[in-house]
*Asks:* 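Could you have a look at this structure, given as structure tokens, before my questions?
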Amino acid sequence: MLNIVLFGPPGAGKGTQSQKLITHYNLVHLSTGDLLRAQIAQGTELGLTAKKLMDEGLLVPDEVVIGMIGSSLKTNPQAGGFIFDGFPRTVAQAESLDRLMAEHQTNISCMIALEVAEEELVTRLLERGKTSGRPDDQDETKIRRRVTVYNTETAQVAGYYAAQQKFHALNGIGPIDSIFTEICGLIDQHQAAAPENPAAATSEVKA
Ligand code: AMP
């Protein structure tokens with residue numbers, strides 16, 4: 001199974017690249033932001049609670065998103081693999097994801113991080129806010145809070161995967177197709193070096 005964590009701050013391009021990756025590698029896309037917005041659209045109690053935090057650019061409690069990911073894994077038993085987009089956002093979520101993967105007799109293949117500077121993120125998200133209808137995309141103060149939350153609570157998740165030799169970062173600024181090609185290159189390189197692949201003995205992956 002190929003299980004990719006697509007990482008990076010809000011506006012880095014994770015959603016855009018996820019759409020291309022699910023087609024290319026035949027994966028199931030699991031975005032906790034999308035799952036939460038679906039709960040809001042359905043008017044569930046979970047959605048109502050989450051909306052208040054999301055509209056302020058704050059994180060939803062770990063147990064809520066971990067529960068949603070656990071259910072999604074169960075409802076996709078035939079999947080050839082997953083792209084996790086916007087999850088995990090805390091080390092506790094990363095630890096839970098490892099446990100969930102082990103319960104499903106699989107593991108995270110690698111994390112790919114898209115790096116984009118804050119000013120570019122703000123420009124991109126304000127532009128997206130004109131059409132996304134998302135309150136958290138329409139207000140610069142909320143956007144900057146989301147970036148701050150990323151820097152203070154989420155960025156450390158990279159270290160969790162680096163410790164497992166699974167972390168790769170690349171520049172998230174440039175043509176969408178060029179970034180996609182780079183991501184595929186990293187995934188393919190990682191797969192070739194994976195322990196379950198017999199070619200691994202002669203391959204090396206650069207972090
Ligand atoms: P996103 O669509 O990934 O930009 O997420 C939108 C908002 O949903 C975030 O600002 C958080 O409020 C919430 N959210 C999404 N994923 C998570 C997560 N893994 N942990 C906590 N909150 C999340």
Side-chain angles (χ1 to χ4, degrees), residues 3-22 27-73 82-101 108 111-118 120-161 167 172:
N3 299 305
I4 308 292
V5 175
L6 202 51
F7 194 65
K14 301 186 296 294
T16 304
Q17 294 297 337
S18 290
Q19 289 311 317
K20 296 175 76 69
L21 289 164
I22 55 172
L27 304 173
V28 172
H29 181 211
L30 290 185
S31 153
T32 39
D34 286 351
L35 292 169
L36 288 164
R37 282 184 288 275
Q39 293 286 327
I40 293 172
Q42 288 162 29
T44 64
E45 202 173 318
L46 188 159
L48 284 174
T49 314
K51 183 173 175 14
K52 295 190 188 94
L53 293 161
M54 292 167 76
D55 284 354
E56 291 307 314
L58 301 171
L59 293 186
V60 170
D62 286 339
E63 58 272 21
V64 172
V65 286
I66 292 164
M68 288 193 321
I69 289 288
S71 310
S72 300
L73 292 175
F82 295 90
I83 293 206
F84 297 94
D85 162 4
F87 181 90
R89 264 174 155 100
T90 63
V91 171
Q93 291 178 22
E95 289 168 350
S96 294
L97 181 57
D98 272 350
R99 277 194 292 274
L100 285 169
M101 292 277 98
I108 293 298
M111 166 186 268
I112 309 275
L114 299 175
E115 297 181 330
V116 177
E118 176 162 345
E120 171 72 12
L121 297 172
V122 173
T123 306
R124 286 185 186 183
L125 290 175
L126 283 173
E127 190 57 34
R128 187 172 80 182
K130 291 177 188 167
T131 53
S132 71
R134 285 176 54 173
D136 58 345
D137 282 348
Q138 290 168 0
D139 174 325
E140 185 169 338
T141 308
K142 289 177 185 174
I143 290 173
R144 290 200 187 272
R145 191 176 304 138
R146 287 162 68 197
V147 176
T148 302
V149 167
Y150 173 81
N151 290 331
T152 55
E153 299 181 49
T154 301
Q156 56 197 295
V157 176
Y160 181 86
Y161 289 95
F167 177 75

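Bear in mind that the values here come from a model prediction, so they are computed numbers and not experimental data. The analysis underlying the following values was restricted to heavy atoms, covering all of them including side chains, and did not include hydrogens, waters or symmetry mates. When a ligand or atom number is given, it counts from 1 through the structure's own listing order. For the single chain, residues carry numbers from 1 onward in sequence order.
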*Asks:* Determine, for Glu140 against Arg144, whether the closest basic-nitrogen to carboxylate-oxygen distance falls under 4.0 angstrom.
*Replies:* yes
*Asks:* Test your reading of the structure: does Leu36 have an N or O sitting under 3.5 Å from an N or O of ligand 1?
*Replies:* no
*Asks:* Under a 4.0 Å threshold between the charged nitrogen and the carboxylate oxygen, would Arg146 count as salt-bridged to Asp139?
*Replies:* no
*Asks:* Can you tell me how far the CG atom of Leu6 sits from the OG atom of Ser18, to the nearest 0.5 Å?
*Replies:* 4.5 Å
*Asks:* How long is the gap from OH on Tyr161 to CD1 on Ile112, to the nearest 0.5 Å?
*Replies:* 12.5 Å
*Asks:* What are the atoms of ligand 1, with element, lying closer than 4.0 Å to any heavy atom of Arg37?
*Replies:* 2 (O), 6 (C)
*Asks:* Which of the atoms of ligand 1 are close to Gln93, meaning less than 4.0 Å from one of its heavy atoms?
*Replies:* 18 (C), 19 (N), 20 (N), 21 (C)
*Asks:* Numbering the atoms of ligand 1 from 1, which are under 4.0 Å from a heavy atom of Arg146?
*Replies:* 4 (O)
*Asks:* Quick one: which ligand 1 atoms are inside 4.0 Å of a heavy atom on Thr32?
*Replies:* 15 (C), 16 (N), 17 (C), 18 (C), 19 (N)
*Asks:* For Gln42, look at atom CD and say whether over 12 heavy atoms of other residues, nucleotides or ligands are found less than 6.0 Å away.
*Replies:* yes
*Asks:* Using distance alone, decide if ligand 1 has a nitrogen or oxygen within less than 3.5 Å of any nitrogen or oxygen in Arg134.
*Replies:* yes
*Asks:* Is the shortest N/O to N/O distance between Val60 and ligand 1 below 3.5 Å?
*Replies:* yes
*Asks:* What protein heavy atom sits nearest atom 11 (C) of ligand 1, and how far away is it?
*Replies:* Leu58 O, 3.5 Å
*Asks:* Closer than 4.0 Å to some heavy atom of Met54 - which atoms of ligand 1 meet that?
*Replies:* 7 (C), 8 (O), 12 (O), 13 (C)
*Asks:* Check the pair Glu153, Thr90 against side-chain hydrogen bond (donor to acceptor under 3.5 Å, both in side chains), reporting the backbone distance first and the verdict last.
*Replies:* CA-CA 6 Å; Glu153 299 181 49; Thr90 63; over 6 Å; no
*Asks:* Find out whether Thr32 and Phe84 are in side-chain contact, i.e. whether some heavy atom of one side chain is under 4.5 Å from a heavy atom of the other.
*Replies:* no
*Asks:* How far is atom 15 (C) of ligand 1 from the closest protein heavy atom, and which atom is that?
*Replies:* Arg89 NH1, 3.2 Å
*Asks:* Give the atom numbers and elements of ligand 1 that come within less than 4.0 Å of a heavy atom of Gly33.
*Replies:* 2 (O), 5 (O), 15 (C), 16 (N)
*Asks:* Considering only NZ, NE, NH1 and NH2 on the basic side and carboxylate oxygens on the acidic side, decide whether Glu95 and Arg99 come within less than 4.0 Å.
*Replies:* no
